[in-house]
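Structure record follows, encoded as structure tokens.
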Amino acid sequence: MTFSNDKPIYIQMGDRLCDEIISGKYKDDDRIPSVREYAVLLEVNTNTAVKAYEQLAREEIIYNKRGLGYFVTKGAKAQILKVRKKEFMKKRLPELFRQMQLLGITLDDIAEAYHSSQNHA
């Protein structure tokens, strides 16, 4: 995985695992890779993976079954979507609207671009 410099690596790892939950790769009560497996997969230090898993456990996205590993918490997908939508609406959308206004981009332009991208997907 290629990491960016805008967020700590453990946060980016958590975001990736959340992406995998949202996409359906891992469903409620599914076992996820062990800390070591995920660290090897993403080519990071095991301690970094531990931080990512601890953070997700604090957020109740995953839970630990002692001796068995980590599993996806029931309702995790809905929780992730709720948090991400709120963050998008609060942080990203205002900047997007500002740029649209500066560039003279209308909602019709956005709708046209969206529909065009869906036809090519």
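Taking 4.0 Å as the cut-off between side-chain N and carboxylate O, Asp19 and Arg84 count as a salt-bridged pair. Using a 4.0 Å cut-off between a side-chain N of Lys or Arg and a carboxylate O of Asp or Glu, Glu95 and Arg98 qualify as a salt bridge.
Residue Tyr114 is not grouped with residue Leu107 when hydrophobic side chains (ILVMFWY) are merged at heavy-atom distances under 4.5 angstrom, including chains of intermediate members. The cluster map of Ile, Leu, Val, Met, Phe, Trp and Tyr, joined by side-chain heavy atoms under 4.5 Å apart, puts Val83 and Met89 in different clusters. Ile32 and Leu68 end up in different hydrophobic clusters when Ile, Leu, Val, Met, Phe, Trp and Tyr side chains are linked at under 4.5 Å. Each of Val35 and Val40 belongs to its own hydrophobic cluster when Ile, Leu, Val, Met, Phe, Trp and Tyr are linked at side-chain heavy-atom distances under 4.5 angstrom. Linking ILVMFWY residues whenever their side-chain heavy atoms come closer than 4.5 Å, directly or via other members, leaves Val50 and Phe71 in distinct clusters.
Between Thr48 atom OG1 and Gln12 atom CD the span is 11.0 Å, to the nearest 0.5 Å. For the atom pair Glu20 CD and Asp30 CG, the distance stands at 12.0 Å (nearest 0.5 Å). In this structure, CD in Glu60 is found 8.0 Å from CD in Gln79, a value given to the nearest 0.5 Å. Annotation: the span from Lys77 atom NZ to Tyr26 atom OH amounts to 15.0 Å, rounded to 0.5 Å. For the atom pair OG1 of Thr46 and OH of Tyr38, the computed distance is 14.0 Å after rounding to the nearest 0.5 Å. Annotation: the span from Lys82 atom NZ to Lys86 atom NZ amounts to 7.5 Å, rounded to 0.5 Å.
Using a 4.5 Å heavy-atom cutoff, the side chains of Leu96 and Gln101 are not in contact. Here the side chains of Leu102 and Gln99 are in contact, with some heavy-atom distance below 4.5 Å. Counting heavy atoms from C-beta on, the side chains of Lys27 and Val72 never come closer than 4.5 Å.
No more than 12 heavy atoms of other residues, nucleotides or ligands shown are found within 6.0 angstrom of CD on Glu43. The number of heavy atoms from other shown groups lying within 6.0 Å of CD (Glu112) does not exceed 12. Within 6.0 Å of CZ in Arg92 there are 12 or fewer heavy atoms belonging to other residues, nucleotides or ligands.
Ala52 approaches Gly14 most closely through the heavy-atom pair CB-N, 4.2 Å. Contact record, Pro94 with Lys90: CG-O, 3.4 Å, taken as the closest heavy-atom pair.
Under a 3.5 Å cut-off, the side chain of Glu54 and the backbone N or O of Lys51 do not form any donor-acceptor pair.
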Practice task
Start with the C-alpha distance between Thr73 and Ile61, add both sets of side-chain angles, then the distance that settles side-chain contact (heavy atoms from CB on, under 4.5 Å), and finish with yes or no.
Solution key: CA-CA 5 Å; Thr73 303; Ile61 301 298; 5.6 Å; no
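In summary, of the residues considered (Leu56, Leu17, Ile21), a side chain to side chain contact (heavy atoms under 4.5 Å, CB included) with Ile80 occurs for Ile21 alone.
Alongside Ile11, the hydrophobic cluster contains Tyr10 (criterion: ILVMFWY side chains under 4.5 Å).
Not counting sequence neighbours, Phe88 has no partner by the ring pair (Phe, Tyr, Trp, His ring centres under 6.0 Å) test.
A side-chain N or O of Ser4 and one of Asp6 form a donor-acceptor pair less than 3.5 Å apart.
Note on ring orientation: taking the six-membered ring where Trp is involved, the planes of Tyr53 and Tyr70 are perpendicular (angle over 60°, cut-offs 30° and 60°).
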